[in-house]
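Below is one structure, written out as structure tokens; comments come after it.
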Amino acid sequence: MSVSYLPGRHARLVVAGDLDSTAGRAIQDAIELVEHDCPRRVELDLRGVTGFTRSGAAAISDWLTIGRRLEEGVGIQVATEAGRRALLESMDRV
């Protein structure tokens with residue numbers, strides 16, 4: 001599992017490996033940074049996701065909710081079936 005937050009005008013969150021509760025906690029930490037950094041847009045990169053749990057998908061829904069409030073919104077990149085399924089499950093919560 002790997003979660004990387006890259007700050008900037010367009011903040012970026014890169015998730016790779018299992019999107020599980022540990023990744024979910026790291027995503028929640030990144031959300032706190034977004035609220036402090038005030039980017040115009042957030043990007044979500046799920047291209048490296050290989051599996052997920054409900055708690056991981058819930059954290060993604062929180063990231064999407066933050067993105068909806070920003071001036072330029074949220075961008076999403078997905079390449080794997082696990083990433084697509086995690087994103088679809090997270091969208092059910094938004």
Side-chain angles (χ1 to χ4, degrees):
M1 176 284 304
S2 170
V3 176
S4 301
Y5 172 71
L6 307 165
R9 184 176 176 159
H10 290 177
R12 185 172 179 81
L13 184 72
V14 181
V15 182
D18 286 332
L19 177 55
D20 57 11
S21 61
T22 303
R25 285 189 296 277
I27 292 167
Q28 292 300 330
D29 292 344
I31 289 170
E32 290 178 21
L33 293 172
V34 165
E35 291 173 339
H36 179 265
D37 294 344
C38 301
R40 297 174 62 97
R41 178 178 176 86
V42 293
E43 299 287 336
L44 174 62
D45 184 342
L46 298 176
R47 292 178 293 178
V49 172
T50 57
F52 74 99
T53 64
R54 295 187 96 126
S55 60
I60 292 298
S61 68
D62 294 342
W63 181 264
L64 296 175
T65 298
I66 289 290
R68 290 175 52 189
R69 292 187 273 177
L70 300 177
E71 184 176 334
E72 295 180 22
V74 61
I76 304 167
Q77 295 179 320
V78 181
T80 65
E81 183 61 27
R84 280 188 282 280
R85 289 189 357 246
L87 179 62
L88 289 173
E89 183 165 325
S90 71
M91 292 176 123
D92 284 343
R93 301 169 184 259
V94 177

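With rounding to the nearest 0.5 Å, the separation of CH2 in Trp63 from OG in Ser90 is 13.0 Å. For the atom pair CD of Glu72 and NE2 of His10, the computed distance is 4.0 Å after rounding to the nearest 0.5 Å.
Under the 4.5 Å side-chain criterion, counting only non-hydrogen atoms from C-beta, Thr65 is not in contact with Ile31. Using a 4.5 Å heavy-atom cutoff, the side chains of Val42 and Leu70 are in contact. Pro7 places none of its side-chain heavy atoms less than 4.5 Å from the side chain of Leu33. Taking the side chain as every heavy atom from C-beta outward, Leu46 and Thr80 never approach each other to under 4.5 Å.
Sorted by first and then second residue, the pairs that involve residues 48-60 and meet salt bridge (charged side-chain N to carboxylate O under 4.0 Å, His left out), not counting sequence neighbours, are Arg54-Glu89.
Ala26 and Val3 get closest at one heavy-atom pair: CB-CB, 3.8 Å. In terms of heavy atoms, Ala57 sits closest to Ala86 at CB-O, 3.9 Å. Across all non-hydrogen atoms, the minimal contact from Arg9 to Pro39 is O-CB, 3.4 Å.
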*Any chance you could lay out the side-chain contact (heavy atoms from CB on, under 4.5 Å) test for Asp62 and Ile27, step after step, and finish with the verdict?*
CA-CA 9 Å; Asp62 294 342; Ile27 292 167; 6.0 Å; no
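Partners of Glu71 by side chain to side chain contact (heavy atoms under 4.5 Å, CB included), not counting sequence neighbours, listed by chain and number: Arg40. Take Asp18 and apply the side chain to side chain contact (heavy atoms under 4.5 Å, CB included) test, not counting sequence neighbours, and it matches Asp20, Thr50. Take Asp29 and apply the side-chain hydrogen bond (donor to acceptor under 3.5 Å, both in side chains) test, not counting sequence neighbours, and it matches no residue. In terms of the side-chain hydrogen bond (donor to acceptor under 3.5 Å, both in side chains) criterion, residue partners of Arg25 (sequence neighbours excluded) are, by chain and number, Thr22.
Clustering of Ile, Leu, Val, Met, Phe, Trp and Tyr by side-chain heavy atoms under 4.5 Å joins Val14 with Leu6.
A donor-acceptor distance shorter than 3.5 angstrom exists from the side chain of Asp45 to the backbone of Arg47, with no hydrogens or angles considered.
Grouping the Ile, Leu, Val, Met, Phe, Trp and Tyr side chains by contacts below 4.5 angstrom, directly or via other members, places Leu19 apart from Leu88.
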